[in-house]
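A quick write-up on the structure given underneath.
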Amino acid sequence: MDGNGRWAKKRFMPRIFGHKHGVDALVHTINACANRGVEHLTVFAFSSENWKRPEEEVSGLMGLVLSAMTRYLTKIAGDGVRVRIIGDRGAVSQTVRNAWERAEATTAHNTRITVWVAFNYGGRWDIVQACQRAIADGVPATELSEDTLSRYMAQREAPDPDLFIRTGGEVRISNFLLWQVAYSELHFTDCLWPDFDEVELDRAFKIYATRDRRFGGVKPEAAVLAGSSDAA
Ligand code: FPP
């Protein structure tokens with residue numbers, strides 16, 4: 001959800017104004033995704049590195065979580081959205097933790113779409129915490145396979161993402177779901193997050209539909225050709 005700060009700056013407003021509009025864009029996007037059959041949506045709301053931002057912006061973002069709950073929790077719960085939080089909850093204030101726990105509990109039985117909010121999250125943190133928990137569980141080094149480690153990742157109940165969308169014009173992953181995006185299709189757009197809407201979403205889906213996903217393999221027809229040339 002990148003570009004909130006620049007969106008606000010263009011309007012001569014403080015960065016938090018952009019984040020507030022970012023929450024509105026998120027609520028619309030959740031429904032747009034659910035209407036298109038998306039079962040899991042993961043959003044990067046606060047990274048492990050975002051603590052480096054000015055204290056005013058960090059506390060503004062924490063306050064925004066609380067106000068978003070007041071404003072939107074009843075609506076999204078009624079819309080059939082299940083909310084799950086991934087990230088290191090330890091460093092987050094008790095008030096914010098309580099808000100996330102309330103969101104998870106209120107929406108736990110919803111099935112229309114699951115929205116994973118990555119908050120105080122980093123892809124590297126996720127891999128390290130997965131290893132730590134596997135070791136603490138007594139998993140021997142010889143059994144630490146990709147499948148085993150996947151079962152310890154923060155988002156273990158979700159499939160790996162098919163599509164990764166980054167708004168705001170930067171062309172990098174910035175420590176998002178490093179483990180999970182190994183075979184995701186990447187889509188980068190200059191659109192600033194508060195402007196993200198159904199048109200942008202459909203554009204991303206249309207481009208995604210043209211991608212040829214091989215997961216390291218070959219297309220079936222290429223395999224047949226290779227097979228027949230081998231035989232020849
Ligand atoms: C990146 O844009 C955006 C963020 C670091 C925060 C995104 C958070 C929200 C939209 C609110 C989350 C709240 C809930 C309840 C999920 P940026 O600030 O880096 O923008 P810039 O690149 O233009 O500076």
Side-chain angles (χ1 to χ4, degrees), residues 1-34 40-77 79 81-89 91-93 95-107 110 113-123 125 154-155 164-177 187-197 200-201:
M1 299 191 285
D2 212 3
N4 297 339
R6 279 165 286 163
W7 188 90
K9 196 173 171 201
K10 276 165 89 178
R11 289 160 179 79
F12 306 100
M13 295 296 281
R15 295 175 59 80
I16 197 68
F17 180 75
H19 295 313
K20 277 185 194 146
H21 282 266
V23 174
D24 297 340
L26 172 59
V27 173
H28 291 130
T29 303
I30 292 170
N31 269 304
C33 285
H40 294 271
L41 170 68
T42 309
V43 292
F44 209 177
F46 193 86
S47 79
S48 316
E49 291 73 35
N50 283 157
W51 298 105
K52 294 179 200 158
R53 294 189 174 211
E55 145 64 21
E56 189 191 356
E57 183 172 352
V58 170
S59 59
L61 280 165
M62 299 299 161
L64 196 52
V65 170
L66 306 179
S67 60
M69 289 301 147
T70 311
R71 192 156 168 220
Y72 285 119
L73 184 57
T74 308
K75 176 187 162 36
I76 62 169
D79 286 345
V81 177
R82 182 171 73 133
V83 177
R84 297 293 306 272
I85 312 304
I86 52 169
D88 182 359
R89 298 188 191 203
V92 176
S93 76
T95 320
V96 171
R97 246 182 301 176
N98 290 345
W100 285 137
E101 278 162 23
R102 191 157 58 90
E104 288 186 322
T106 310
T107 63
N110 284 342
I113 184 170
T114 301
V115 175
W116 300 83
V117 180
F119 200 85
N120 196 23
Y121 177 89
W125 165 83
Q155 225 185 350
F164 169 107
I165 300 176
R166 181 168 185 161
T167 56
E170 312 290 0
V171 186
R172 54 178 173 261
I173 293 176
S174 295
N175 202 17
F176 198 25
L177 304 162
H187 177 80
F188 298 96
T189 169
D190 289 336
C191 174
L192 304 176
W193 175 252
D195 289 330
F196 195 85
D197 58 10
E200 276 289 330
L201 184 68

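Because the structure is a prediction, the values reported are computed rather than measured. Note that ligands are numbered from 1 as they come in the structure, with each ligand's atoms numbered from 1 the same way.
For Ala45 against Phe119, the heavy-atom pair with the smallest separation is CB-CD1, 3.9 Å.
The 12-atom threshold is exceeded at CD of Glu170, counting heavy atoms of other residues, nucleotides or ligands nearer than 6.0 Å.
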- Start with the C-alpha gap between Phe196 and Met1, add the side-chain angles, then the distance that decides, and say whether side-chain contact (heavy atoms from CB on, under 4.5 Å) holds. CA-CA 9 Å; Phe196 195 85; Met1 299 191 285; over 6 Å; no
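Ring geometry for Trp125 against Tyr121 counts as perpendicular: the plane angle is over 60°, on a 0 to 90° scale with 30° as the lower cut.
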For ligand 1, run through the N/O pairs with the protein that fall under 3.5 Å and put one pair on each line.
unit_1: ligand 1; atom_1: 2 (O); unit_2: Asp2; atom_2: OD1; d: 3.2
unit_1: ligand 1; atom_1: 2 (O); unit_2: Gly3; atom_2: N; d: 3.3
unit_1: ligand 1; atom_1: 18 (O); unit_2: Arg15; atom_2: NH2; d: 2.7
unit_1: ligand 1; atom_1: 18 (O); unit_2: Arg53; atom_2: NH1; d: 2.7
unit_1: ligand 1; atom_1: 19 (O); unit_2: Asp2; atom_2: OD1; d: 3.0
unit_1: ligand 1; atom_1: 19 (O); unit_2: Arg53; atom_2: NH2; d: 2.8
unit_1: ligand 1; atom_1: 20 (O); unit_2: Gly3; atom_2: N; d: 3.2
unit_1: ligand 1; atom_1: 20 (O); unit_2: Asn4; atom_2: N; d: 3.2
unit_1: ligand 1; atom_1: 20 (O); unit_2: Gly5; atom_2: N; d: 3.1
unit_1: ligand 1; atom_1: 22 (O); unit_2: Asp2; atom_2: OD1; d: 3.1
unit_1: ligand 1; atom_1: 22 (O); unit_2: Arg6; atom_2: NE; d: 3.4
unit_1: ligand 1; atom_1: 22 (O); unit_2: Arg6; atom_2: NH2; d: 2.9
unit_1: ligand 1; atom_1: 23 (O); unit_2: Gly5; atom_2: N; d: 3.3
unit_1: ligand 1; atom_1: 23 (O); unit_2: Arg6; atom_2: N; d: 2.7
unit_1: ligand 1; atom_1: 23 (O); unit_2: Arg6; atom_2: NE; d: 2.8
unit_1: ligand 1; atom_1: 24 (O); unit_2: Arg15; atom_2: NH1; d: 3.1
unit_1: ligand 1; atom_1: 24 (O); unit_2: Arg15; atom_2: NH2; d: 3.0

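In summary, Arg71 and Asp24 engage in a salt bridge, as defined by a charged side-chain N under 4.0 Å from a carboxylate O.
The CG atom of Asn98 sits 9.5 Å away from the CG atom of Leu66 when rounded to the nearest 0.5 Å.
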